[in-house]
2 protein chains.
Amino acid sequence: MSNRRDAVHAILRQSEGFRSAQDVYAEMRAEGAKIGLTTVYRALQALADTGHVDVLRTDDGESVYRACASGDHHHHLVCRRCGRTVEVAGPAVERWAETIGSEHGFTEITHTLEIFGTCASCATAAKPLRTPSRA
Amino acid sequence: MSNRRDAVHAILRQSEGFRSAQDVYAEMRAEGAKIGLTTVYRALQALADTGHVDVLRTDDGESVYRACASGDHHHHLVCRRCGRTVEVAGPAVERWAETIGSEHGFTEITHTLEIFGTCASCATAAKPLRTPSRA
DNA sequence: CTGATTTTGACAACCGTTTTCATTTACGCG
DNA sequence: CGCGTAAATGAAAACGGTTGTCAAAATCAG
């Protein structure tokens, strides 16, 4: 029944970072899985709804998904080059957001926070900015 | 030349919160302005590029724009009901993000952070959750 | 086995955004 | 002032990710 959903979940578990729906779909097809794009979308939504995966939007409006270790509230430190992701927690930030909101009379406060950077591997591996092709 | 861009900027300045491109376009047309949707998009992009307006993505992937008072790095406390927005700064959070990134070997660290809530006016004004229509 | 129910996926519809391209407008110069 | 070139404009088409449609397939109950 939810065989496909599990399959989708599995792909996400194998991945180091966030993956797009189309991305997951492509990989599954490449592996020979018989699945439709529609079903991948549905599976991802279902997984997101049940909190089994985290979702976030890229700058160009694409939804990307990730199977996270922790079900608790946390944020992400994402390598903008390879997509590798580290889960981070910041209790102080949570409190800060809550406080700021209250101070301005806001209630039911939530927040979104993501940190982007270039991870160590990518920083050493690819430094095409120095010596571009200067013989 | 950049007459249209100024007009778009003006609309944004009049607004309390973030507005979508289509939204701005609709208002300008309603006011009788002769402008095309394409130009509104171009104007918004230009304004965003030059840092005159802030951009963020809504949950459903729409880009929304706002003319912000400060050109410095800051975040937003947004009312999820009426869209009213307060600019907030959190030096501690900036440092925290930077630190977290470094600790994990990441460089060129940036971050995104938005706080959402229900503002005081909206909280008192609309409480349709109680007595929905229970005669 | 048979009929009802759910899941699936090919395909079309959607929607915000971007591109294309012909037209218009603005500007510099003779 | 007139003309040519360059920039700006906008209608319409293209695009890309996502969602809806609906009939076929798989699953389940009796």
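This structure is a prediction, so every number in the text was calculated from the model and none was measured. So you know, we letter chains A, B, ... as the sequences are listed, proteins then strands, and number each from 1.
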Under 3.5 Å, side-chain donor or acceptor atoms of residues 34-43 of chain A against the rest of the protein: list the pairs with distances, not counting sequence neighbours.
from, atom 1, to, atom 2, distance (Å)
A:Tyr41, OH, A:Gln22, NE2, 3.1

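- Between the NZ atom of B:Lys34 and the C1' atom of C:dT23 there is a distance of 16 Å, rounded to whole Å.
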Report, one pair per line, the protein and nucleotides 17-19 of chain D atoms (nitrogen or oxygen only) whose separation is under 3.5 Å.
from, atom 1, to, atom 2, distance (Å)
D:dT18, OP1, A:Ser63, N, 2.7
D:dT18, OP2, A:Tyr41, OH, 2.5
D:dT18, O5', A:Tyr41, OH, 3.4
D:dT19, OP2, A:Gln45, OE1, 2.9

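- Within the 4.5 Å cutoff, no side-chain heavy atoms of B:Glu114 are placed close to those of A:His111.
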Is there a side-chain hydrogen bond (donor to acceptor under 3.5 Å, both in side chains) between B:Glu87 and B:His76? Walk through the geometry before answering.
CA-CA 5 Å; B:Glu87 296 175 33; B:His76 299 105; 5.5 Å; no
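- Atom CG in B:Asn3 sits about 19 Å away from atom P in D:dA7, given to the nearest Å.
- The nearest whole Å value for the distance from the CG atom in A:Asp59 to the P atom in C:dT17 is 14 Å.
- Taking atom CG of residue B:Leu44 and atom P of nucleotide C:dG16, one finds them 15 Å apart after rounding to whole Å.
- One can place CD1 of A:Ile35 at 17 Å from P of C:dC11, the figure rounded to the nearest angstrom.
- Atom CE of A:Met28 and atom C1' of C:dG9 are 13 Å apart (whole Å).
- At D:dG10, one or more side-chain N or O atoms of B:Thr39 fall inside 4.0 Å of OP1 or OP2 (strictly under the cut-off).
- A:Arg42 has its CZ atom 15 Å from the P atom of C:dC11, to the nearest Å.
- As a whole-Å value, the separation of A:Arg5 CZ from C:dT8 P is 9 Å.
- The heavy-atom pair separating A:Ile11 from A:Glu27 by the smallest distance is CD1-OE2, 3.8 Å.
- Residues A:Cys119 and A:Cys82 have side chains in contact (heavy-atom distance under 4.5 Å, counting atoms from C-beta outward).
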Would B:Thr58 and B:Asp60 count as a side-chain hydrogen bond (donor to acceptor under 3.5 Å, both in side chains) if you check the C-alpha gap in whole Å, the side-chain angles of each, and the deciding distance to 0.1 Å?
CA-CA 5 Å; B:Thr58 60; B:Asp60 52 306; 3.0 Å; yes
